[in-house]
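Let me begin by presenting the structure, written as structure tokens, before commenting on it.
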Amino acid sequence: SGLALIEFAYVFPILLMLYLGGAQLCDTIAAYRKMTITTRALADIASQYSSVSDADLDSVLNASSKNMSPYPTTNAAMTVFQVSMDGTSTPKVTWSRGLNATPPAVNSTYTLLPASVRVANTSVIVSTVNYTFVPRFGSYIIGSIPLADKIYMSPRTVVNITKKAT
């Protein structure tokens with residue numbers, strides 16, 4: 001019985017690290033999943049409008065951020081914007097809005113749009129979420145974990161969602 005106690009004393013720290021590491025891995029995967037759901041919801045809701053105002057976009061950003069629960073949204077930088085292509089398929093930002101982030105400037109060329117999405121005389125809604133996940137256990141060892149997601153979605157009811165003057 002004394003030998004079993006000594007063996008347990010050797011194995012317990014390793015088992016504890018495996019348990020906490022597994023729990024932390026599951027929590028990180030859950031946070032990543034919440035972030036991807038938020039990114040999708042942001043683009044999905046924005047793509048349903050035929051015209052938007054800043055207040056509409058703020059509502060979309062705030063509603064989408066609720067998907068991050070129970071994780072804090074103060075660590076989430078979210079943007080939603082529309083990229084329109086002219087007859088030469090040059091992608092330009094036509095409107096943009098962000099929450100805890102600076103969105104791309106209006107009328108700027110958006111070079112990160114994949115060539116497969118660049119179709120002349122169309123537009124796409126781009127939604128991005130960058131999240132800094134802070135582990136509950138071991139954050140002092142591994143630090144925070146940056147997570148990011150981006151999605152492209154076509155407007156549903158119109159070719160180009162117009163921006164209302166505010």
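Keep in mind it's a predicted model, so treat the numbers as computed, not measured.
Ion pairing between Lys164 and Asp54 fails under the 4.0 Å rule for side-chain N and carboxylate O. Under the 4.0 Å criterion applied to side-chain N and carboxylate O atoms, Asp86 and Lys92 are not assigned as salt-bridge partners.
Closest approach of Tyr110 to Arg118, counting heavy atoms only: O-NH2, 4.0 Å. Gly87 and Ala120 make their closest contact through O-CB, 3.6 Å (heavy atoms, listed as atom of the first residue, atom of the second, distance). The minimum heavy-atom distance between Ala105 and Ser108, with the atom names listed, is O-OG, 2.5 Å. Considering all non-hydrogen atoms of both residues, Asn75 and Val134 come closest at ND2-CG2, 4.1 Å. Closest of all the heavy-atom pairs between Lys163 and Ser53 is CE-C, 4.1 Å. Between Ser69 and Lys34 the shortest heavy-atom distance is O-NZ, 2.9 Å.
A continuous path of Ile, Leu, Val, Met, Phe, Trp and Tyr side chains, each step under 4.5 Å between heavy atoms, connects Met35 with Tyr71, placing both in one hydrophobic cluster.
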Can you list the steps and then say if Thr128 with Thr79 is a side chain to side chain donor-acceptor pair (under 3.5 Å)? CA-CA 5 Å; Thr128 65; Thr79 60; 2.3 Å; yes
Assess whether side-chain contact (heavy atoms from CB on, under 4.5 Å) is satisfied between Ile125 and Tyr152, documenting all intermediate values. CA-CA 6 Å; Ile125 304 300; Tyr152 307 103; over 6 Å; no
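Between the side chains of Asn160 and Ser84, at least one donor N or O lies within less than 3.5 Å of an accepting N or O. With hydrogens and angles left out, the side-chain atoms of Thr39 and Ser127 include no donor and acceptor closer than 3.5 Å.
Side-chain atoms of Gln82 come within 3.5 Å of backbone N or O of Ile161 as a donor-acceptor pair. The backbone N or O of Val119 sits less than 3.5 Å from a side-chain atom of Thr122, completing a donor-acceptor pair.
Checked against the 6.0 Å centroid threshold, Tyr32 and Phe133 do not count as a close aromatic pair.
By the 4.5 Å heavy-atom criterion applied to side chains, Leu42 and Met78 are counted as neighbours.
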